[in-house]
Visitor: 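Structure provided below as C-alpha cells; questions to follow.
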Amino acid sequence: MFYIGGTKVGALFGEALVMPRPGAIRQLSSIIKQRGVLLAKGRLLGLQFDTLFTDGLYERIARNAIVMADKIVSALKERGYRFLITPQTNQLFVVLENEQLARLSAQVGIEVWEKVDDTHTAVRIATSWATREENVDALIGKL
C-alpha cells in the first residue's frame, strides 16, 4: 500500500490510499472507521482524485513539484548536505548542523522534522504545483 498526496497538485485536501492488492488487509474499511480516519462525505474527496487521475492530469500538474525538488536536491548534493531519507518525491528531508539551521531560520521559514543528534536536526522541504523557480533559486542562494 502507498498513498498519493493531493495538495502538491492543488487538491483542497487529502490523500488517496492505493492498494495494488485490494484484499491484502481484511476489513480495512472497518479499521479506518474505528480509528477515526474516514472522512465523512469522502465521496467529495474521491471526486478530486477521480478528476486528477483522468488523462494524466495528476502527472502533468505534479511535474513542477518534482522538477523543483530535483533542482533543490542537486544543489544540496553539490554543497555536501546529507539527507535523512533518500529523496524520492517532492518532500525532502535534509540534515542540517544546528548552526546551519539557526542561520537559515533567520532568513527563511524552516519546518523542523526531528532532532538527529545533539548537533544535527532534520528539516523538511516540500515543493508543489505552485513552487516558483525564483523561490527555489533564492533558497539555493541561501544554502
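Given the structure is predicted, the values throughout are model-derived calculations rather than measurements.
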Visitor: Grab the two heavy atoms, one from A69 and one from T89, that are nearest each other, plus how far apart they are.
Guide: CB-O, 3.9 Å

Visitor: More than 12 foreign heavy atoms under 6.0 Å from NZ of K77: is that the case here?
Guide: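 No - once you tally the heavy atoms of other residues, nucleotides and ligands closer than 6.0 Å, there are 12 at most.
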
Visitor: Applying side chain to side chain contact (heavy atoms under 4.5 Å, CB included) to F93 and I125, what does each step give before you reach the verdict?
Guide: CA-CA 6 Å; F93 299 91; I125 299 171; over 6 Å; no

Visitor: Are V116 and V112 connected into the same hydrophobic cluster when the rule is that any two of I, L, V, M, F, W, Y join if their side-chain heavy atoms are below 4.5 Å apart?
Guide: no

Visitor: Distance-only, no hydrogens or angles: does the N90 side chain make a donor-acceptor pair with backbone N or O of A126 under 3.5 Å?
Guide: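 Not at all, since once roles are kept as given, no pair shorter than 3.5 Å links the two residues.
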
Visitor: Of the non-hydrogen atoms in L143 and Y81, which two are nearest, and what is the gap between them?
Guide: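 For L143 versus Y81, the nearest heavy atoms are O-OH, 3.1 Å.
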
Visitor: Using 4.0 Å as the upper bound for N to carboxylate O, is an ion pair formed by D137 and K71?
Guide: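 Counted as a salt bridge, because a side-chain N and a carboxylate O are separated by less than 4.0 Å.
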
Visitor: Would you say that more than 12 heavy atoms from the other residues, nucleotides or ligands in this model lie under 6.0 Å from the CZ of R21, or not?
Guide: no

Visitor: Do Q100 side-chain atoms and E97 backbone N/O form a donor-acceptor pair below 3.5 Å?
Guide: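 At least one qualifying donor-acceptor pair exists.
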
Visitor: Going through the checks in order, is the side chain to side chain contact (heavy atoms under 4.5 Å, CB included) test met by L52 and L57?
Guide: CA-CA 5 Å; L52 287 166; L57 180 61; 4.2 Å; yes

Visitor: Verify side chain to side chain contact (heavy atoms under 4.5 Å, CB included) between V95 and V123, making sure each step is shown before the conclusion.
Guide: CA-CA 6 Å; V95 177; V123 300; over 6 Å; no

Visitor: If two hydrophobic side chains count as joined below 4.5 Å and joins carry through other members, does L101 share a cluster with L76?
Guide: yes

Visitor: Quick check: are there more than 12 heavy atoms from other residues, nucleotides or ligands sitting under 6.0 Å from CZ of R60?
Guide: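 Count over threshold, so yes.
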
Visitor: Treat each ILVMFWY residue as a node, draw an edge where side-chain heavy atoms are under 4.5 Å apart, and state whether I72 and L84 are in one component.
Guide: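 Different clusters.
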
Visitor: Before we go on, tell me: are the rings of F53 and Y58 under 6.0 Å apart, centre to centre?
Guide: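 Ring-ring flag for F53/Y58: true, centres closer than 6.0 Å.
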
Visitor: If you compare all heavy atoms of I61 against all heavy atoms of W129, which two are closest, and at what distance to 0.1 Å?
Guide: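 Residues I61 and W129, closest heavy atoms: CG2-CB, 3.6 Å.
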
Visitor: With rounding to the nearest 0.5 angstrom, report the CD1 to CG distance, I85 to L92.
Guide: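 The distance works out to 10.5 Å.
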
Visitor: Does A65 offer a backbone N or O that forms a donor-acceptor pair with the side chain of T127 under 3.5 Å?
Guide: yes

Visitor: Looking at every non-hydrogen atom in both residues, tell me the closest pair between R103 and K142 and how far apart they are.
Guide: NH1-O, 3.0 Å

Visitor: Do R82 and H120 make a side-chain contact, defined as non-hydrogen atoms from C-beta onward lying under 4.5 Å apart?
Guide: yes

Visitor: Answer yes or no: are there more than 12 heavy-atom neighbours, outside D55 itself, under 6.0 Å from its atom CG?
Guide: no

Visitor: Look up atom CZ in R79 and atom OG in S74, then write down how far apart they are to the nearest 0.5 Å.
Guide: 10.5 Å

Visitor: How close do E133 and M68 get, heavy atom to heavy atom, and via which atoms?
Guide: CA-SD, 3.7 Å

Visitor: Does CD belonging to E99 count more than 12 external heavy atoms closer than 6.0 Å?
Guide: no

Visitor: Treat each ILVMFWY residue as a node, draw an edge where side-chain heavy atoms are under 4.5 Å apart, and state whether W113 and V94 are in one component.
Guide: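 Each belongs to a different hydrophobic cluster.
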
Visitor: Donor-acceptor pair, Q48 side chain versus L12 backbone, under 3.5 Å?
Guide: yes

Visitor: Under 3.5 Å, is there a donor-acceptor pair between the T119 and N98 side chains?
Guide: no

Visitor: If I take atom CD from residue E111 and atom CD from residue Q91, how far apart are they, to the nearest 0.5 angstrom?
Guide: 8.5 Å

